[in-house]
S.K.: 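Have a look at the structure that comes next, please.
Naming: A, B, ... by sequence-line order, numbering from 1 per chain.
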Protein chains: 2
Amino acid sequence: MSVSENQELKQVLREHELKATNQRIALLKLLDATREHFDAEEIYLELLKKQKNVSRATVYRSLEALVEQDLVTRLDFGDGRMRFERSKGDDEHHDHLICEECGKVIEFFNLEMEAQQLATCEEHDFTPSVHTMHIFGTCSDCKKNK
Amino acid sequence: MSVSENQELKQVLREHELKATNQRIALLKLLDATREHFDAEEIYLELLKKQKNVSRATVYRSLEALVEQDLVTRLDFGDGRMRFERSKGDDEHHDHLICEECGKVIEFFNLEMEAQQLATCEEHDFTPSVHTMHIFGTCSDCKKNK
DNA sequence: AATCTAAATGAGACTTATTTGCACTTGTGT
DNA sequence: ACACAAGTGCAAATAAGTCTCATTTAGATT
């Protein structure tokens, strides 16, 4: 099954005119497996751990290429480094609640909010590509522990 | 009038338990004057231009203190550096449309969107402090020039 | 007005995240 | 199997922001 997953990822990469290198396959596999919000360094270390040979430069360059092809999404939680997650389809789009105490990130989706965003764009004759909505604050767990 | 503006800013700083130094006054005055979204380096260079003696360290430290006191707001447009603007009252809160072609930033406010944000927070028992809503895309001017 | 002291500043070294130059390697079309 | 552009690794280079420490200053105190 891991073999066929590899084949699948190779296919995906080729469809996006990217060479299907071991490094890129491993990177995508990692993001697929965990669905977490990794930063570049974490991805680098994880791949090293899995005995994959990669360099930081390759991680950064691969992420750039994958983001460009919209296979990976870049997230900015405002703490000075970028995070990445495997891109979700439109139907899986979500925004983020970010706890300032514990750093936890809660994903949410609100249809009405999305509708208002489109309405706002139309008002300004603005054609949207992507958006980010981050709400910072305190999560319920952290409120309890006080 | 500039004199009384200085006095006013001194007053504001003192009310927030911050020493009213020339550097801080000049910084606030700059942000008040332009209402632009400066980054730290731009602020530093502007102040130098105006013959004010400042160091980068002071710009960063002052901004930190002013943000803490909510006199200045930190903006993150996801391009790897922070911007700052003079804080607006709750009634002046706004979000941003950011043009990926020309970098222009359009401010907007949408009451329904704000309401949905609060609703979402309640759903998750999450207490919000601040939020950022950034919509990236192409502005009307840039669409014309194509 | 002179004095005091904690807070603030300047200069530059340092850190962290990311990018780049370049020689070497590897997918992939032929 | 071959050729070559695309991709990679390494180390050096940037970029943004932070930190240290000696010096200065705002504002309280006499």
S.K.: Would you mind telling me which residue lines up with the more 5' stretch of DNA chain D, A/Glu17 or B/Gly80, judged by nearest nucleotide?
M.R.: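 Nearest nucleotide further toward 5': that of A/Glu17.
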S.K.: Taking donor-acceptor contacts at under 3.5 Å, does the side chain of A/Arg14 reach the base of C/dG29?
M.R.: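 Under the 3.5 Å cut-off, the side chain and the base do not form any donor-acceptor pair.
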S.K.: Which part of the nucleic acid, if any, lies within contact of B/Ala65, taking any heavy atom under 4.0 Å across all strands shown: a base, the sugar-phosphate backbone alone, or nothing?
M.R.: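 Nothing, no heavy atom under 4.0 Å.
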S.K.: Does B/Glu64 form a salt bridge (charged side-chain N to carboxylate O under 4.0 Å, His left out) with B/Arg61? I'd like the steps, not just the answer.
M.R.: CA-CA 5 Å; B/Glu64 189 187 20; B/Arg61 282 185 291 223; over 6 Å; no
S.K.: Which part of the nucleic acid, if any, lies within reach of A/Arg24 when heavy atoms closer than 4.0 Å are counted: base, sugar-phosphate only, or nothing?
M.R.: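 Sugar-phosphate, no base atom in range.
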S.K.: Could you tell me whether the phosphate oxygens of D/dT18, OP1 or OP2, come under 4.0 Å of any side-chain nitrogen or oxygen in B/Tyr60?
M.R.: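 Answer is no, no contact under 4.0 Å.
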S.K.: What does the inter-axis angle of the helix from C/dA1-D/dT30 to C/dT30-D/dA1 come out as, five pairs per end, nearest 10 degrees?
M.R.: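 The two end axes of the helix from C/dA1-D/dT30 to C/dT30-D/dA1 meet at 30°.
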S.K.: With no angle test and no hydrogens, is the base of D/dG9 tied to the side chain of A/Arg61 by a donor-acceptor pair under 3.5 Å?
M.R.: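 By the distance-only test, yes, there is a pair.
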S.K.: On a plain distance test, is the side chain of B/Lys19 in donor-acceptor contact with the base of C/dA8 below 3.5 Å?
M.R.: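 Flag unset: no donor-acceptor pair detected.
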S.K.: Would one find a side-chain N or O of B/Ser55 under 4.0 angstrom from OP1 or OP2 of C/dT9?
M.R.: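 Checking C/dT9 against B/Ser55, no side-chain N or O comes under 4.0 Å of OP1 or OP2.
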S.K.: Report yes if a side-chain nitrogen or oxygen of A/Thr21 is closer than 4.0 Å to either non-bridging phosphate oxygen (OP1 or OP2) of C/dG27; otherwise report no.
M.R.: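 Indeed not, no polar side-chain atom of A/Thr21 lies that close.
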S.K.: Is B/Glu17 atom CD crowded by more than 12 heavy atoms from other residues, nucleotides or ligands, each under 6.0 Å away?
M.R.: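 It does not: B/Glu17 CD has 12 such atoms or fewer within range.
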S.K.: With clusters defined by side-chain heavy atoms of hydrophobic residues (ILVMFWY) lying less than 4.5 Å apart, directly or transitively, does B/Phe38 cluster with B/Met82?
M.R.: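 Yes, one cluster joins them.
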S.K.: Please say yes or no: joined through hydrophobic side-chain contacts below 4.5 Å, possibly via intermediate residues, are B/Ile98 and B/Val130 part of one cluster?
M.R.: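 Different hydrophobic clusters.
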S.K.: Give a yes/no on whether any side-chain N or O of A/Asn22 is located under 4.0 angstrom from OP1 or OP2 of C/dT26.
M.R.: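 For A/Asn22, the contact criterion (side-chain N or O under 4.0 Å from OP1 or OP2 of C/dT26) is not met.
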S.K.: Between B/His134 and B/His96, how do the two ring planes meet: parallel, tilted or perpendicular, split at 30° and 60°?
M.R.: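 Correct class here is tilted.
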S.K.: Could you tell me whether A/Asp39 contacts a base, only the sugar-phosphate backbone, or nothing, with contacts defined as non-hydrogen atoms closer than 4.0 Å?
M.R.: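 Nothing, no heavy atom under 4.0 Å.
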S.K.: What nucleic acid atoms does A/Glu41 come within less than 4.0 Å of, heavy atoms only: base, sugar-phosphate, or nothing?
M.R.: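 No contact.
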